[in-house]
Amino acid sequence: MSNLEIRPIRRLDAEFSVPGDKSISHRGIMLGGLAAGTTRLRGFLPGEDCLSTLHALQALGCRVDRVAPDEVLIEGRGAKLLAPAEPIDCGNSGTTMRLLSGVVAGFPFTTRLFGDASLTRRPMGRIAEPLRQFGAEILCEGSGDRPPLTIRGTQLRAIDFTSKVASAQVKSCILLAALQASGKTTFREPILSRDHTERLLPAFGASFRTEKQTLILHGPQRLEGTELDVPGDFSSAAFWMVLAAGLPGARLTLRRVGLNPTRTALISALLRMGAGLVEMVEQPSPEPMGTISVQGGSPLKPTTVSGKEIPNLIDEIPILAVAAALAKGTTEIRDAAELRHKESDRLAVVTKNLRLFGVPVEERPDGLLIEGGCSLIGAEVESHGDHRIAMSAAILGLLAKGRTLVKDTACIETSYPGFAKQIGLLQEAGR
Ligand code: S3P
């Protein structure tokens with residue numbers, strides 16, 4: 001089992017970029033596989049989750065050429081994906097399983113999707129229900145609505161669907177199915193979730209319209225291969241942003257980071273907390289990309305995060321909890337019960353780990369109350385097999401007194417290959 005041993009750092013003066021965006025890499029591969037012709041993805045994230053998606057599209061008959069670790073050519077099959085010879089392993093990746101379900105639902109063959117122990121605990125009813133309305137047969141083989149999934153695809157009929165959860169995975173699954181369905185699909189969500197699929201569709205030649213926060217897509221549509229530059233993943237940048245914000249005298253510049261406003265609510269939260277942080281968009285479309293600069297040392301204040309902000313920082317809550325641990329006073333996170341359905345139950349696990357570092361935390365059904373400002377003591381903590389939990393604990397370790405050991409850190413490879421190396425470089429320079 002791989003562990004990460006962390007010693008505190010005193011200085012930080014660095015400029016670097018983070019690996020490609022996970023959400024965009026998944027979507028680029030799937031849309032590229034459905035399109036006619038070649039799609040080139042530059043800045044592709046070679047993390048295990050996106051490789052699961054890449055292997056899935058290969059299993060569905062697409063030719064893939066890895067011209068560099070972060071550059072991929074995918075030869076799309078138009079509307080002619082092939083039946084997979086075997087069940088498809090989605091690994092740890094909820095995005096692979098949920099979005100791919102929307103891809104295969106429109107093809108006249110059966111696909112079985114399975115994943116690791118963590119993915120096998122995640123709810124799939126949220127995509128099974130709309131896909132059944134489209135006409136596909138979906139069997140959730142696990143208890144309740146859990147994986148593995150068996151999907152019997154068919155010629156889909158468009159649907160009118162209102163999602164109860166603000167989930168980009170649900171929205172994207174439906175849009176991918178709608179591209180293949182005949183007729184007008186209408187989709188609504190309670191709060192705008194990340195909109196990467198909507199931003200990418202026009203690049204592949206697809207069209208849809210938005211009326212009063214309702215998405216309307218007429219299918220079936222043909223996609224054309226394209227070239228995409230994938231920005232750095234904001235969710236990966238978030239770990240370093242909080243580190244720099246919490247370290248007196250720190251200076252950090254992160255280049256070519258994705259700055260899609262449906263992803264960057266952490267910036268607003270950190271600014272409310274008093275962090276010295278500037279974002280600069282340098283390329284607006286199809287995905288906003290630019291530079292984040294952080295100047296550490298301003299004392300952090302507590303804040304409240306709830307409601308509309310939650311979907312736009314859902315993956316950043318474990319690292320926001322680290323910022324909250326540094327802010328003197330009580331930070332409140334509400335309306336975040338979705339965190340119980342991620343790679344781990346993140347409300348329970350964040351509570352457990354912060355307490356081990358000496359931070360008083362109250363766990364609520366839908367959030368956390370974090371009493372920040374106490375002195376942080378290095379600790380031995382478990383990742384619980386969750387990449388964002390492992391990386392957040394490592395950052396806390398860099399800011400705490402004494403030695404920290406984060407156990408079982410192999411999961412970091414799902415989203416951030418090179419994280420441990422970057423920690424090593426910062427530790428070397430910051431002793
Ligand atoms: C993602 C959407 C979010 C996010 C996940 C990636 C995506 O999940 O937490 O890491 O790429 O669509 P939900 O749709 O379940 O909120």
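These numbers were taken from a predicted model, which means no experiment stands behind them. First listed ligand is number 1; within each ligand, the first listed atom is number 1. Heavy atoms only: backbone and side chains are in, while hydrogens, waters and symmetry mates are out. All residue numbers in this chain count up from 1 along the given sequence.
Partner Asp315 forms a side chain to side chain donor-acceptor pair (under 3.5 Å) with one of His387, Arg194, Arg263 and no other, that one being Arg194.
Residues Arg256 and Ser17 bring no donor and acceptor atom of their side chains to less than 3.5 Å of each other.
Counting only heavy atoms from C-beta outward, the side chains of Ile319 and Met241 never approach each other to under 4.5 Å.
For ligand 1, the 4.0 Å heavy-atom shell takes in Ser23, Arg27, Thr95, Arg98, Ser167, Ala168, Gln169, Arg194, Ile314, Asp315, Lys342, ordered by chain and residue number.
Take Phe107 and apply the ring-ring contact (aromatic ring centres under 6.0 Å, His included) test, not counting sequence neighbours, and it matches Phe109. In this structure Phe419 satisfies the ring-ring contact (aromatic ring centres under 6.0 Å, His included) test together with Trp240, Tyr416, sequence neighbours excluded.
Within the structure, ring-ring contact (aromatic ring centres under 6.0 Å, His included) contacts touching residues 149-197 (residues at least two apart or in different chains) do not occur.
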